[in-house]
Amino acid sequence: LLLAEMRAAFGSKYMITVASQAAEKNWKNMNLAKSSPHVDAWHVMTYDYTVSDVQGSNVTAPNAPLYAPKSYPGESADWSIDYTVQGYLKAGVEPSKIHVGIPYYGHTWYAPGQPSKSWQKFGLPAQQQGACCGPFKNTYGAKYGKASQQCGTLMYNEIQESNPKVYYDSTTESALGYFE
């Protein structure tokens, strides 16, 4: 109703955009089919499908996979940008109204002692590394970067500056980095 009232008040003079959720449980509660005629653009936040800065995230996982990592045993194994966009389309959103969000940061997991090439896959067991504090103390993120100051997060420039080993995962269409 709010969107309909806004559209009636604004007419076509102003755009109505929505920063919307990638999670299926959230988009199903947004009544996309009924809302979409009043919205010019859905800015779908297609990132943070998994994060290391929560207590239950104890295995390595992709932040913004284009396609789902089918072999990964996590709670969001079916989640991906493709899964979300397909969900919006099936719910009745016009393709031209879907805008995909891109993260300019990455989530890190502290997973020492893995065999040499095992880092090139998702679902590795992570450990609490002890260098975090506050609400992130008992999470599985690696030490924070200077710019982000959030355990388990590196900004794009921090990733570039640290020059990690990189592996391209063709299943998820994601790049994985390894920091010694």
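Bear in mind that the values here come from a model prediction, so they are computed numbers and not experimental data. Heavy atoms only: backbone and side chains are in, while hydrogens, waters and symmetry mates are out.
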**Prompt:** Does any N or O in the side chain of D82 come within less than 3.5 Å of the main-chain N or O of L66, such that one atom is a donor and the other an acceptor?
**Reply:** no
Taking every heavy atom of R7 against every heavy atom of H38, the minimum-distance pair comes out as NH2-O, 3.2 Å
### Task
Show your reasoning for whether side chain to side chain contact (heavy atoms under 4.5 Å, CB included) applies to T172 and S80.
CA-CA 8 Å; T172 62; S80 68; over 6 Å; no
Using side-chain heavy atoms (C-beta onward) and a distance below 4.5 Å, is S36 in contact with V93?
yes
Rounded to the nearest 0.5 angstrom, the CG-CZ distance for L154 and F179 is 5.0 Å
Taking it one step at a time, do Y88 and M30 satisfy side chain to side chain contact (heavy atoms under 4.5 Å, CB included)?
-> CA-CA 10 Å; Y88 272 65; M30 293 170 33; 3.9 Å; yes
Are side-chain heavy atoms of D48 and P103 found at a separation under 4.5 Å?
no
Open item on the list: Hydrophobic clustering (ILVMFWY, side-chain heavy atoms < 4.5 Å, transitive) - are Y178 and I159 grouped together?
Closed with: no
Heavy-atom nearest pair, A64 first then S174, reads O-OG, 4.4 Å
Could you walk me through whether V39 and E94 pass the side chain to side chain contact (heavy atoms under 4.5 Å, CB included) check? CA-CA 10 Å; V39 174; E94 296 173 38; over 6 Å; no
_Looking at K25, is its backbone amide N or carbonyl O close enough to the side chain of N29 to form a donor-acceptor pair, meaning the two atoms are under 3.5 Å apart?_
yes
Transitive ILVMFWY side-chain link I81 to L32, under 4.5 Å | yes
Residues passing the side chain to side chain contact (heavy atoms under 4.5 Å, CB included) test with E161, sequence neighbours excluded, are N157
CD of Q150 to CE of M155, rounded to nearest 0.5 Å, is 9.5 Å
For T60 and W119, does a side-chain donor sit closer than 3.5 Å to a side-chain acceptor?
no
*Would a distance-only check, ignoring hydrogens and angles, find a side-chain to backbone donor-acceptor pair under 3.5 Å from T46 to G101?*
yes
Original post:
If two hydrophobic side chains count as joined below 4.5 Å and joins carry through other members, does F136 share a cluster with V54?
Top reply: no
Inset, instruction - Give a yes or no on whether the backbone of S148 and the side-chain of T153 come within a donor-acceptor separation of less than 3.5 Å. - result: no
Taken to the nearest 0.5 Å, the spacing of Y144 OH from E158 CD works out to 11.0 Å
Whether over 12 other heavy atoms sit under 6.0 Å from Y104 OH: no
Under the criterion side chain to side chain contact (heavy atoms under 4.5 Å, CB included), I'd like the reasoning laid out for T108 against K143: C-alpha separation, chi angles, the key distance, then a yes or no.
CA-CA 8 Å; T108 61; K143 193 169 180 184; over 6 Å; no
Do the non-hydrogen side-chain atoms of W109 and T50 ever get within less than 4.5 Å of each other? yes
Might you confirm whether atom NZ of K121 has over 12 heavy atoms from other residues, nucleotides or ligands at distances under 6.0 Å?
no
The reported gap from NZ in K137 to OG1 in T139 (rounded to nearest 0.5 angstrom) is 11.5 Å
- Item | Check: V100 and V44 side chains under 4.5 Å, non-hydrogen atoms | no
>> Are L89 and P95 packed together at the side-chain level, in the sense that at least one heavy-atom pair is separated by less than 4.5 angstrom?
In response: yes
pair L176-Q120: side-chain heavy atoms closer than 4.5 Å
no
Under 4.5 Å between side-chain heavy atoms, hopping through other hydrophobics if needed: is there a path connecting V59 to Y110? no
Q. Given the rule that I, L, V, M, F, W and Y join up when any side-chain heavy atoms are under 4.5 Å apart, are W79 and V51 in one cluster?
A. no
- Is there a side-chain contact between M45 and T84, using heavy atoms and a 4.5 Å cut-off? no
Side chains of D169 and Y67 only: does a donor on one sit below 3.5 Å from an acceptor on the other?
no
Between G141 and C151, the two heavy atoms sitting closest are O-SG, 3.4 Å
Interatomic distance, NZ@K28 vs CD@Q21, rounded to 0.5 Å, equals 15.0 Å
Rounded to the nearest 0.5 angstrom, the CE-OH distance for M6 and Y14 is 11.5 Å
Is it true that, when you exclude Y167 itself, more than 12 heavy atoms of the residues, nucleotides or ligands shown sit nearer than 6.0 Å to its OH? yes
Close side-chain approach of P65 to Y49, heavy-atom, < 4.5 Å: yes
| said: Can you see whether Y140 engages Q129 through a side-chain donor-acceptor pair at a distance of less than 3.5 angstrom? | reply: no
